[in-house]
Amino acid sequence: MKDFFISKKLKSNYDEYYKGESKWREVGAIDKVKNIIDLCWAIPHEKVLDIGSGEGAVLKKLSDIKFAKELYSIEISVSSVEVIKKRKIPNLIECKLFDGYHIPYKNEEFDLVILSHIIEHVEYPRALLKEAGRVARHIFIEVPLELNARLPLNYKWSTVGHINFYSPKTLRYFLSTTNFKIINQKIRNSSYAVYKYQFGNKAIFRYFLKESILLCWPRLATKLFTYNCAILAFLSKERR
């Protein structure tokens, strides 16, 4: 693990990425928190670590609903940590920087680790995932399913920072080949509120088209369009 580090390009991209609380991330956090609740409410979640918290929108909503007694956050971005600390989120015990791969907590310290829209940004996702499995009994992962017909043939860098692209099958293979056992999985369209924010008056057509195709032809839907996939998993004990 000592050889893993964040490239200068990615580190500089995220260090000044967050300017404060934004409407876009507040809207997006509604869906993310709903998926966390749906998959994780039945398992122990008193002590939760959120990796890659951005502006802290998900942390704030989890705190508002008292999802966990103790929330923790680690980030690679200086600006993220500054924004989150300014929010003074109740139940947030600690928010600090880390190097992107070495989680500064002891084995099984947490009930749950959350990686919501994170591993698509990470250069060595398996290294981070194994560390998440070390410090927690369960992990929650959510990614956009961008490995579909709409993905361009050649990669082009964007400040959004997505460098890994997943389909439902490749995500499951990624977890399985990292020795995780999948407990539950959900593939969902973004909520209408997200479409409304992005597309205004055109939102209703786009939303119901993608929602209908996902409902009627789920396998075809993920080959044509981008949806969100959330998974709850745990690391096999023999691999801890």
Side-chain angles (χ1 to χ4, degrees), residues 1-7 9-10 32 35-36 38-40 42-45 48-53 74-76 98-155 157 160-188 214 218-240:
M1 288 292 292
K2 292 182 179 180
D3 294 330
F4 292 105
F5 59 91
I6 306 168
S7 69
K9 182 177 183 178
L10 282 183
K32 294 174 182 178
N35 291 333
I36 292 168
D38 286 353
L39 267 65
C40 304
I43 65 168
H45 51 270
V48 175
L49 173 65
D50 184 38
I51 299 177
S53 303
I74 53 176
E75 253 287 352
I76 66 166
F98 84 123
D99 66 6
Y101 295 103
H102 306 88
I103 299 177
Y105 295 105
K106 64 184 181 182
N107 293 355
E108 297 190 12
E109 184 163 348
F110 299 94
D111 298 309
L112 175 68
V113 163
I114 295 171
L115 289 155
S116 183
H117 291 255
I118 298 302
I119 63 171
E120 65 268 28
H121 297 264
V122 178
E123 292 163 294
Y124 306 102
R126 280 187 170 83
L128 178 58
L129 199 59
K130 287 180 179 179
E131 270 287 86
R134 177 183 66 80
V135 301
R137 297 171 181 84
H138 293 89
I139 64 163
F140 170 90
I141 291 179
E142 183 174 328
V143 300
L145 298 174
E146 297 173 306
L147 188 56
N148 55 49
R150 301 169 68 85
L151 190 69
L153 178 62
N154 296 311
Y155 173 76
W157 166 255
V160 173
H162 292 192
I163 57 175
N164 304 305
F165 304 89
Y166 298 96
S167 69
K169 184 179 290 186
T170 61
L171 182 59
R172 291 182 70 91
Y173 272 53
F174 167 67
L175 285 163
S176 297
T177 56
T178 320
N179 300 309
F180 279 84
K181 303 295 184 183
I182 296 170
I183 299 171
N184 200 355
Q185 174 180 344
K186 291 185 181 295
I187 297 173
R188 286 178 168 161
L214 182 62
R219 289 187 180 181
L220 176 62
T222 57
K223 292 179 180 179
L224 296 177
F225 299 108
T226 299
Y227 296 90
N228 296 311
C229 181
I231 289 180
L232 176 64
F234 67 94
L235 186 63
S236 299
K237 287 185 178 181
E238 61 269 20
R239 297 292 183 176
R240 284 184 179 275

How about Tyr166 and Ile119: do any of their side-chain heavy atoms sit closer than 4.5 Å? yes
Output the distance between atom CZ (Phe165) and atom CG (Leu151), rounded to the nearest 0.5 Å. 5.5 Å
Would you please say whether a donor-acceptor pair under 3.5 Å links the side chains of Thr226 and Asn148? yes
CG/Leu128 to CD/Glu123 distance, rounded to the nearest 0.5 angstrom? 11.5 Å
Set of salt bridge (Lys or Arg N to Asp or Glu O under 4.0 Å) partners for Asp38, sequence neighbours left out: Lys34, Arg188
Atom pair CD1 (Ile51) and CG (Leu49), whose distance is rounded to the nearest 0.5 Å: 5.0 Å
Distance-minimising heavy-atom pair for Ile36 and Phe140: CG1-CE2, 3.5 Å
Which pair of heavy atoms, one from Glu142 and one from Asn35, lies closest together, and at what distance? OE1-ND2, 3.1 Å
Angle between ring planes, His138 versus Phe234, binned at 30° and 60°: parallel, tilted or perpendicular? perpendicular
Flag, side chain of Glu131 to backbone of Leu129, donor-acceptor distance under 3.5 Å: no
Minimum heavy-atom distance between Arg172 and Ile231, given as atom pair plus value: CG-CD1, 4.5 Å
May I ask you to test the Leu235-Ile139 pair for a side-chain heavy-atom distance under 4.5 Å? no
What's the spacing between Arg126 CZ and Thr178 OG1 if we round to 0.5 Å? 4.5 Å
Derivation of the side chain to side chain contact (heavy atoms under 4.5 Å, CB included) call for Phe174 and Asn164: CA-CA 11 Å; Phe174 167 67; Asn164 304 305; over 6 Å; no
Measure across Ser53 and Glu75 and return the closest heavy-atom pair with its distance rounded to 0.1 Å. N-OE2, 3.1 Å
Report the C-alpha distance between Leu10 and Ile76 in whole Å, list the side-chain angles of each, state the deciding distance to 0.1 Å, and finish with yes or no for side chain to side chain contact (heavy atoms under 4.5 Å, CB included). CA-CA 10 Å; Leu10 282 183; Ile76 66 166; 5.7 Å; no
What distance separates His162 NE2 from Tyr155 OH, expressed to the nearest 0.5 Å? 9.5 Å
Would you call Cys40 and Leu112 a side-chain contact if the rule is heavy atoms closer than 4.5 Å? yes
Minimal non-hydrogen separation, Ser167 against Thr170, with atom names: N-OG1, 2.8 Å
Does a side-chain heavy-atom distance below 4.5 Å link Ser116 with Lys32? yes
What's the spacing between Asn107 CG and Arg137 CZ if we round to 0.5 Å? 11.0 Å
To check you understand the geometry: which heavy-atom pair defines the closest contact between Gly100 and Ile6, and what is its length? CA-CD1, 3.8 Å
